[in-house]
Amino acid sequence: MHPAATGLPLPDPAAPLVVCDAARTARLLEPLALVEAIAAAARDGAAGRLFSPERQVVPLGEGGVLLSMPATAPDIAIHKLVNVQPANAQRGLPTIHGVVAVYDAATGRPLCLLDGPEVTGRRTAAVSMLAIRHGLAQPPREVLLIGTGVQARHPICRRCRPCIRRLSSGCAGARPPRRRPS
């Protein structure tokens, strides 16, 4: 889906790259529109109009990994780069950092950078809503959300409630961080 269809900024060719922090990324990825965009992308993928190779995993210092996830469509290209660094928990830093670069497919010109964890969380919630909508004959009476970490902060958004009758939430205990032997 082209950025104009999702509300992403389309700068003129001379404009600088637009960099979106988590808050701006969240504002751009309206929940119901994102559910519809993911449904359209699934149809495009099934029709062979999207190309998304397997995720590359590259070692990163102190037991971390860099994840590279490009994808292209006829009108747009994205490249999600995520660094997962388990040692950051001991530093009081997030375990996951990342960006999603958005490009015009015709020119290859970078359009914007989005906050990776925000995109991931909202995408996960939207895919959950899509699964509920298409996987059940009728909207469920309740949905129980269980999770921890970054993605747990992005439960099925209240604005997506037309898909369900009552929203319940829950949590599960997380495993304690693994400690390295001294």
Side-chain angles (χ1 to χ4, degrees), residues 3 6-9 11 15-35 37-38 41 52-71 76-103 110-132 142-161 163-164 166-182:
T6 63
L8 292 174
L17 178 69
V18 175
V19 178
C20 301
D21 63 7
R24 186 169 183 191
T25 298
R27 287 191 304 273
L28 291 171
L29 299 177
E30 193 280 322
L32 291 174
L34 186 57
V35 169
I38 289 172
S52 180
E54 262 188 63
R55 173 175 71 183
Q56 291 183 328
V57 180
V58 180
L60 189 63
E62 297 189 39
V65 292
L66 181 143
L67 307 173
S68 173
M69 298 162 271
I76 194 168
I78 63 108
H79 195 168
K80 182 177 177 184
L81 291 171
V82 175
N83 296 320
V84 180
Q85 185 48 270
N88 279 355
Q90 296 168 339
R91 297 179 179 109
L93 296 171
T95 301
I96 300 172
H97 293 278
V99 295
V100 176
V102 181
Y103 303 89
L111 299 173
C112 67
L113 288 177
L114 301 170
D115 180 79
E118 189 67 31
V119 169
T120 298
R122 286 179 173 269
R123 185 251 5 246
T124 301
V127 168
S128 297
M129 289 306 305
L130 197 56
I132 289 169
E142 295 182 334
V143 173
L144 176 63
L145 302 173
I146 300 174
T148 62
V150 172
Q151 292 186 8
R153 290 196 314 258
H154 297 277
I156 297 170
C157 300
R158 302 248 182 256
R159 293 160 76 184
C160 290
R161 290 186 102 182
C163 296
I164 56 176
R166 190 172 104 195
L167 181 66
S168 298
S169 63
C171 64
R175 289 180 283 168
R178 283 192 257 170
R179 295 202 173 120
R180 290 192 163 155
S182 304

Whether [X] side chain and [Y] backbone form a donor-acceptor pair below 3.5 Å:
{"X": "Arg122", "Y": "Leu29", "answer": "yes"}
{"X": "Gln85", "Y": "Gly61", "answer": "yes"}
{"X": "Asn88", "Y": "Arg91", "answer": "no"}

Looking at [X] and [Y], what are the two nearest heavy atoms and their distance?
{"X": "Ser68", "Y": "His79", "value": "OG-NE2, 2.7 Å"}
{"X": "Pro86", "Y": "Val84", "value": "CD-O, 3.6 Å"}
{"X": "Leu17", "Y": "Pro110", "value": "CD1-CB, 3.6 Å"}
{"X": "Val65", "Y": "Leu60", "value": "N-CB, 3.6 Å"}

Heavy-atom check, side chain of [X] versus side chain of [Y], under 4.5 Å:
{"X": "Pro117", "Y": "His97", "value": "no"}
{"X": "Arg123", "Y": "Lys80", "value": "yes"}
{"X": "Val18", "Y": "Leu111", "value": "no"}
{"X": "Ile38", "Y": "Met129", "value": "no"}

Have a look at Met69 and tell me which of Ile78, Val82, Val100 forms a side chain to side chain contact (heavy atoms under 4.5 Å, CB included) with it.
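Among Ile78, Val82, Val100, the one that satisfies the side chain to side chain contact (heavy atoms under 4.5 Å, CB included) with Met69 is Val82.
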Could you give the distance from OG1 (Thr120) to CG (Asp115), rounded to the nearest 0.5 Å?
8.5 Å
CG-CG distance between Asp21 and Leu113, expressed to the nearest 0.5 angstrom
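Taking CG in Asp21 and CG in Leu113, the distance rounds to 12.0 Å.
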